[in-house]
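What follows is a single structure, written as structure tokens, with notes after it.
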Amino acid sequence: MAEAPIRIGSRDELVYLLAEAAELEHGIMCQYLFAAFTMRSEPGDGLDPEDQQAVARWERVVSEVATQEMLHLGLVSNLLSAVGAAPYFRRPNFPLRPGYYPPGLHLDLIPFSERALRHFLFLERPEGMDMEDAEGFEALADSVPLGHAHAIVPHAQTYSTFGHLYRGIEDGFKHLAKKLGERELFCGHAGAQATGEYFLWPDMLPVTDVESACVALDTIVEQGEGARGEWRDAHFGRFHAVLEELLALKAERPDFDPPRPAVAAFTRPPADVREALLISVKSTGMVADLFNASYQALLQLIIRFFLHTEESEKELNVLADVAVGMMINVLRPLGRMLTTLPVAANRHDVTAGPTFDVYRTTYYVPHRHAAWRVLHERIVHLGRAAQEQAADMEPPAGPVMEDVADKLIAYADKLGPHVYRV
């Protein structure tokens, strides 16, 4: 069935849909990270060596796909910056209320499993592929938004696949370049572009015109759903291969259980979350808070990179290096640790899981001095909090937290010399 075309007639509508794409890339990345954190891929996780090797291999696939979603979020940020908008790193908290996105797009945090993989396949499916989502992710009925061809305010549009959304955005770039003029459309500052020079992704290319915008959009689509008809090396194909292996192992041994029974659990629910499982174990809640606070600091680092003002090349590299380090050496060990910890003293059927909370913060200031001071202060605070927590934790969690504390203090030390630069 042919889908209704996405129509973009103004810069505002283009920015609106790019911001929605950024939300989706961000949310999907968190889904994949959550699934990866839950996988029992380490020695001592209760699996025999052969099974542990398989799970470790699957964990690498899911983590690598999550990393590519970070790249896609960066490319969408470049697209936004190119047309004079700010990068967009906000998103609704999990679980998303049904209907927030067009029918058929439903995001939530669930452990690695057949259900999770089928949900990921549905999200990454190529345009035109008929597929049902996993159980519990059913679409609501279609709705038709109020709008017209010459609306002066941006508005939601309906699409069923990311390929459909991005092809519509690509058409919008081409249309507006003709309508406004390419130079007028691409009015963003070239220095606001993230490139592989900073983040070590060869595909992180600057966007300065229609041609480079189309390359960025094609990269996102082809890495996710694959080039048209060629999806085996894309996210869709990689998840498909993992699902086939998982089903084969479970057919041989129905009791094979690769994930920890983690549930996204809150220390306190955000205002936009109606129903929440709350953590009642103090030590678990402290780890959950440290994870969410570190995640927020990571977002602040990335936003500062995109919205920098007088930063030198050296300082831009420091922001990028600390952001990548926070992801690998702080969020990953804290996320994995959290999935081993109890939600409540009387519950042995589930463990905790990170919620990737988004808070109300207004630290995204244009002034370099204030921005660096706040970033440095925050990461010092996180490092000290991790040191205090490590002192109260038994092995194996204690040494992991000590290492996290050392990394946070080291990242604060990297930022420190630049805080008071004149």
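Side-chain atoms of Gln387 and Glu402 include no donor-acceptor pair closer than 3.5 Å. Side-chain atoms of Tyr411 and Asp321 form no donor-acceptor pair, as typed in the model, at a separation below 3.5 Å. Under the 3.5 Å distance criterion, with hydrogens and angles disregarded, a donor-acceptor pair is assigned to the side chains of Asn292 and Thr355. For the residue pair Glu20 and Tyr101, no side-chain donor N or O sits within less than 3.5 Å of a side-chain acceptor on the partner. A donor and an acceptor atom, one from each side chain of Tyr32 and Glu64, are nowhere located under 3.5 Å apart. If you check the side chains of Thr219 and Asp203, you find no donor sitting under 3.5 Å from an acceptor.
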Go through the steps to decide whether Gln223 and His235 satisfy the test side-chain hydrogen bond (donor to acceptor under 3.5 Å, both in side chains), and finish with yes or no.
CA-CA 6 Å; Gln223 287 184 350; His235 297 176; 5.1 Å; no

side-chain contact (heavy atoms from CB on, under 4.5 Å) assessment of Glu59 paired with Val62:
CA-CA 5 Å; Glu59 191 270 340; Val62 178; 5.9 Å; no

side-chain hydrogen bond (donor to acceptor under 3.5 Å, both in side chains) assessment of Arg373 paired with His376:
CA-CA 5 Å; Arg373 186 167 186 172; His376 177 259; over 6 Å; no

Step-by-step side-chain contact (heavy atoms from CB on, under 4.5 Å) determination, Val358 to Asp272
CA-CA 10 Å; Val358 174; Asp272 57 344; over 6 Å; no

Set out, in order, the CA-CA distance, both residues' side-chain angles and the distance that settles side-chain contact (heavy atoms from CB on, under 4.5 Å) for Arg336 and Ser41, then state yes or no.
CA-CA 10 Å; Arg336 291 185 62 81; Ser41 58; 3.4 Å; yes

side-chain contact (heavy atoms from CB on, under 4.5 Å) between Leu243 and Leu121, worked out
CA-CA 9 Å; Leu243 177 60; Leu121 284 170; 3.7 Å; yes

Assess the residue pair Phe186 and Phe173 against the criterion (ring pair (Phe, Tyr, Trp, His ring centres under 6.0 Å)); give the C-alpha distance rounded to whole Å, side-chain angles, the decisive distance to 0.1 Å, and a yes or no.
CA-CA 10 Å; Phe186 292 91; Phe173 269 104; 5.8 Å; yes

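In this structure, Asn78 contributes its side chain and Gln193 its backbone to no donor-acceptor pair below 3.5 Å. Panel note: side chain Arg167, backbone Val221; no donor-acceptor pair is recorded below 3.5 Å. With Glu315 contributing its side chain and Ser312 its backbone, the two residues share a donor-acceptor pair below 3.5 Å. Using a distance-only test at 3.5 Å, with no hydrogens or angles considered, a donor-acceptor pair links the side chain of Lys250 to the main chain of Phe256. Although no hydrogens or angles enter the test, the distance criterion places no donor-acceptor pair under 3.5 Å between the side chain of Thr38 and the main chain of Pro111. No donor-acceptor distance shorter than 3.5 angstrom exists from the side chain of His308 to the backbone of Leu316, with no hydrogens or angles considered. Of the possible donor and acceptor atoms, none in the side chain of Asp12 sits under 3.5 Å from a partner among the backbone N and O of Pro154. A donor-acceptor contact shorter than 3.5 Å links the side chain of Gln31 to the backbone of Asp108. Under a 3.5 Å cut-off, the side chain of Asp357 and the backbone N or O of Pro270 do not form any donor-acceptor pair. With Arg11 contributing its side chain and Val83 its backbone, the two residues share a donor-acceptor pair below 3.5 Å.
Within a 6.0 Å radius of CZ in Arg384, no more than 12 heavy atoms belonging to other residues, nucleotides or ligands are found.
Using a 4.5 Å cut-off on side-chain heavy atoms (C-beta onward), Val55 and Arg60 make no contact. Side-chain atoms of Glu252 and Leu249, non-hydrogen and from C-beta on, do get closer than 4.5 Å to each other. Residues Leu107 and Leu123 have side chains in contact (heavy-atom distance under 4.5 Å, counting atoms from C-beta outward). Counting heavy atoms from C-beta outward, Arg7 and Asp171 have side chains that stay 4.5 Å or more apart. A 4.5 Å side-chain heavy-atom check between Glu170 and Asp218 finds at least one atom pair inside the cut-off. Using a 4.5 Å heavy-atom threshold, the side chains of Thr195 and Leu205 count as separate. Between Arg368 and Glu311, the closest side-chain pair of non-hydrogen atoms falls below 4.5 Å. Within the 4.5 Å cutoff, no side-chain heavy atoms of Ile303 are placed close to those of Gln300.
Taking the six-membered ring where the residue is Trp, Phe306 and Phe89 present tilted rings, their angle falling between 30° and 60°.
Residues Glu310 and Arg304 are not paired through a salt bridge, judged by the lack of any N-O separation under 4.0 Å between the basic side chain and the carboxylate. Salt bridge present: Glu114 and Arg118 bring a charged side-chain N and a carboxylate O closer than 4.0 Å. With salt bridges taken as basic N to acidic carboxylate O contacts below 4.0 Å, one links Asp51 and Arg253. Between Asp349 and Arg347 there is a salt bridge, since at least one side-chain N of the basic residue sits less than 4.0 Å from a carboxylate O of the acidic one. By the 4.0 Å N-to-carboxylate-O rule, Glu124 lies too far from Arg238 to be salt-bridged with it.
The two residues Leu307 and Pro87 have their closest heavy-atom pair at CD2-CD, 3.6 Å. Phe236 and Arg125 make their closest contact through CD1-CA, 3.5 Å (heavy atoms, listed as atom of the first residue, atom of the second, distance). Taking every heavy atom of both residues into account, Ala352 and Ile279 meet most closely at CB-CD1, 4.4 Å.
With rounding to the nearest 0.5 Å, the separation of CD in Gln157 from CG in Leu165 is 9.0 Å. Atom OG1 of Thr351 is separated from atom CG of Leu338 by 8.0 Å, given to the nearest 0.5 angstrom. Atom OG of residue Ser63 and atom CZ of residue Phe37 lie 7.5 Å apart, to the nearest 0.5 angstrom. Atom CG in Leu109 sits 4.5 Å away from atom CZ in Phe94 (nearest 0.5 Å). With rounding to the nearest 0.5 Å, the separation of CG in Leu24 from CE in Met29 is 12.5 Å. Note that CG of Leu331 is 9.0 Å distant from CG of Leu290, once rounded to the nearest 0.5 Å.
A ring pair (Phe, Tyr, Trp, His ring centres under 6.0 Å) with Phe356 is found for one member of Phe291, Phe266, Phe34 and no other, namely Phe291. Screening Gln52, Arg260, Arg40 for a side-chain hydrogen bond (donor to acceptor under 3.5 Å, both in side chains) involving Asp45 leaves a single residue, Arg260.
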